[in-house]
Amino acid sequence: MPLDISSHTGDKPAGRIRKQNEKLILAAAEKEFAACGFKGASMREIAARANLPKANIHYYFKNKLGLYLAVLSDIIDLWDGTLSNLTADDDAAKSLAQYLCKKIEFSRDHPLASRIFASEVISGGPNLGSYFTEGYEAWFRSRTAVFEQWQQQGKLDPNITPSHLIFLLWSSTQHYADFALQASSALGKETLDEEDYEQAITTLTHIILKGCGISLED
């Protein structure tokens, strides 16, 4: 379920230069918000990180909240869009395996955005009022309905509660972004490497599919 940020960033289509600058600004904002939180972050520091005049930041994003929501929107769109693509007609084993793979890849490629989202939710989601609405609940019900239909079709163990399975999929994959420091420290490394992420995909896929009573060979 996409986060509505149109009131903060404007609706006009961006040209090539605009897109490049927005990408640069969002990357700088991710670092600033991850390091300082929403309250501690400043547009001045974001401009410095992006190596752009502060006026340029305000040209593309009206205020700090608009920029913050844009950062959150990027990761939310990736997460929700992937889950939204699942349908009752899909092969449950392949779909869950692909979903797990993509979520681990998101944690590898977008760790800062994931941590910013986690911090926002932990603090009570004060800036996510436009996301956690009745529309969000309806969207989530439509996702659990897919898992329920898989159960009715014999594709998924009937003893599983779909909502809690989705929570498990979220938490187990986002762990590799939100708690990467803990994981790398436990492994005696400065950072997780490609082999670690591949092992995570293999391990989670094996455990979750087996726990769901399905396998890639089904």
Side-chain angles (χ1 to χ4, degrees), residues 1-3 72-73 75-111 113-125 128-129 131-187 192 194-218:
M1 178 185 169
L3 176 63
L72 289 175
S73 180
I75 192 66
I76 288 172
D77 286 350
L78 287 173
W79 287 342
D80 290 357
T82 302
L83 187 60
S84 293
N85 289 333
L86 299 182
T87 72
D89 294 329
D90 292 335
D91 180 280
K94 292 181 180 179
S95 295
L96 285 176
Q98 291 171 355
Y99 179 72
L100 283 164
C101 181
K102 287 183 179 179
K103 285 292 269 83
I104 290 289
E105 289 175 349
F106 292 157
S107 289
R108 179 195 64 198
D109 299 336
H110 305 278
S114 180
R115 291 169 204 160
I116 293 167
F117 179 84
S119 178
E120 173 71 18
V121 173
I122 289 170
S123 65
L128 284 175
Y131 178 66
F132 292 122
T133 62
E134 290 182 4
Y136 179 79
E137 184 180 350
W139 170 82
F140 186 73
R141 285 200 304 268
S142 76
R143 298 303 83 213
T144 58
V146 171
F147 290 78
E148 290 166 357
Q149 291 176 69
W150 281 347
Q151 289 176 313
Q152 294 167 7
Q153 297 166 7
K155 298 178 180 178
L156 197 67
D157 190 310
N159 295 311
I160 291 171
T161 303
S163 58
H164 291 285
L165 174 57
I166 294 175
F167 297 155
L168 175 61
L169 295 172
W170 286 348
S171 61
S172 61
T173 53
Q174 287 159 229
H175 177 90
Y176 293 93
D178 303 341
F179 296 94
L181 175 61
Q182 181 187 40
S184 61
S185 297
L187 295 172
L192 297 176
E194 193 62 32
E195 183 180 5
D196 294 320
Y197 290 111
E198 290 297 329
Q199 290 176 345
I201 291 170
T202 300
T203 301
L204 289 180
T205 300
H206 178 78
I207 291 173
I208 290 176
L209 291 188
K210 190 172 183 179
C212 288
I214 57 180
S215 71
L216 287 170
E217 285 71 38
D218 287 347

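Nothing fancy with the numbering, it's 1 onward along the sequence. Any value given below was found using the heavy atoms of this structure, including those in side chains, with hydrogens, waters and symmetry copies removed. Fair warning: this is a prediction, and the values are worked out from it, not measured in the lab.
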Enquirer: Restricting to non-hydrogen atoms, name the atom on E120 and the atom on L128 that form the minimum distance, rounded to 0.1 Å.
Expert: CG-CD1, 3.5 Å
Enquirer: Partners of Q149 by side-chain contact (heavy atoms from CB on, under 4.5 Å), sequence neighbours excluded?
Expert: A88, A145, Q152, Q153
Enquirer: Just checking, any donor-acceptor pair under 3.5 angstrom between side chains of W139 and S84?
Expert: yes
Enquirer: Any idea which heavy atoms bring T133 and G129 closest together, and the distance?
Expert: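 For T133 and G129, the tightest heavy-atom pair comes out as CG2-O, 3.1 Å.
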Enquirer: Are I116 and I75 packed together at the side-chain level, in the sense that at least one heavy-atom pair is separated by less than 4.5 angstrom?
Expert: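 Result no, sub-4.5 Å side-chain heavy-atom pair not found.
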Enquirer: Which distance, rounded to the nearest 0.5 Å, do you find between the CD of E194 and the CG of D196?
Expert: 9.0 Å
Enquirer: Working note: L169 + T173, criterion side-chain contact (heavy atoms from CB on, under 4.5 Å); need CA distance, chi angles, decisive distance, verdict.
Expert: CA-CA 6 Å; L169 295 172; T173 53; 5.6 Å; no
Enquirer: Among all residues two or more places apart in sequence or in another chain, which pass the side-chain contact (heavy atoms from CB on, under 4.5 Å) test with R115?
Expert: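 Checked R115 against side-chain contact (heavy atoms from CB on, under 4.5 Å); matches are P111, L112, D178, A180.
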Enquirer: If you measure from SG on C212 to CG on L96, what distance do you get to the nearest 0.5 Å?
Expert: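 Rounded to the nearest 0.5 Å, the SG-CG separation comes to 6.0 Å.
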Enquirer: Parallel, tilted or perpendicular, judged at 30° and 60°: which one describes the rings of F167 and W170?
Expert: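 The arrangement is tilted - the two ring planes meet at 30° to 60°.
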Enquirer: Find out whether S172 and K103 are in side-chain contact, i.e. whether some heavy atom of one side chain is under 4.5 Å from a heavy atom of the other.
Expert: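 No - every pair of side-chain heavy atoms lies 4.5 Å or more apart.
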Enquirer: Side chains of W150 and I160, heavy atoms from C-beta outward: is any pair under 4.5 Å?
Expert: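 A side-chain contact under 4.5 Å is absent here.
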Enquirer: Does the side chain of L72 reach to within under 4.5 Å of the side chain of Y131, using non-hydrogen atoms?
Expert: no
Enquirer: Within a 6.0 Å radius of atom CZ on F179, are there more than 12 heavy atoms belonging to other residues, nucleotides or ligands?
Expert: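 Incorrect, the count does not exceed 12.
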Enquirer: If you round to the nearest 0.5 Å, how far is OG of S142 from CZ of F140?
Expert: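 OG of S142 is found 9.5 Å from CZ of F140.
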Enquirer: Could you check whether Y99 and D90, counting side-chain N and O atoms only, form a donor-acceptor pair closer than 3.5 Å?
Expert: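 Distance-only check fails for D90 and Y99.
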Enquirer: Is it the case that the side chain of T144 and the backbone of R141 share a donor-acceptor pair, with hydrogens and angles ignored and the cut-off at 3.5 Å?
Expert: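 Present.
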Enquirer: Taking all heavy atoms of S95 and all of L86, pick out the closest pair and write down the distance.
Expert: CB-CD2, 3.7 Å
Enquirer: Are Y176 and L204 side-chain neighbours, meaning at least one heavy-atom pair lies under 4.5 Å?
Expert: yes
Enquirer: Look only at the side chain of R143 and the backbone of L83, and say whether a donor-acceptor pair between them is shorter than 3.5 Å.
Expert: yes
Enquirer: Please give me the minimum heavy-atom distance between T205 and L100, naming the atom from each residue.
Expert: CA-CD1, 3.7 Å
Enquirer: Determine the minimum heavy-atom distance between I214 and K155, stating which atoms define it.
Expert: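 Nearest pair, atom of I214 first, then K155: CG2-O, 2.6 Å.
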Enquirer: Any chance you could measure I201, atom CD1, to E105, atom CD, to the nearest 0.5 Å?
Expert: 5.5 Å
Enquirer: Yes or no on side-chain contact (heavy atoms from CB on, under 4.5 Å) for S114 and F106, after CA distance, side-chain angles and deciding distance?
Expert: CA-CA 8 Å; S114 180; F106 292 157; over 6 Å; no
Enquirer: Please answer whether the main-chain N or O of A200 pairs with a side-chain N or O of T203 as donor and acceptor at a distance below 3.5 Å.
Expert: no
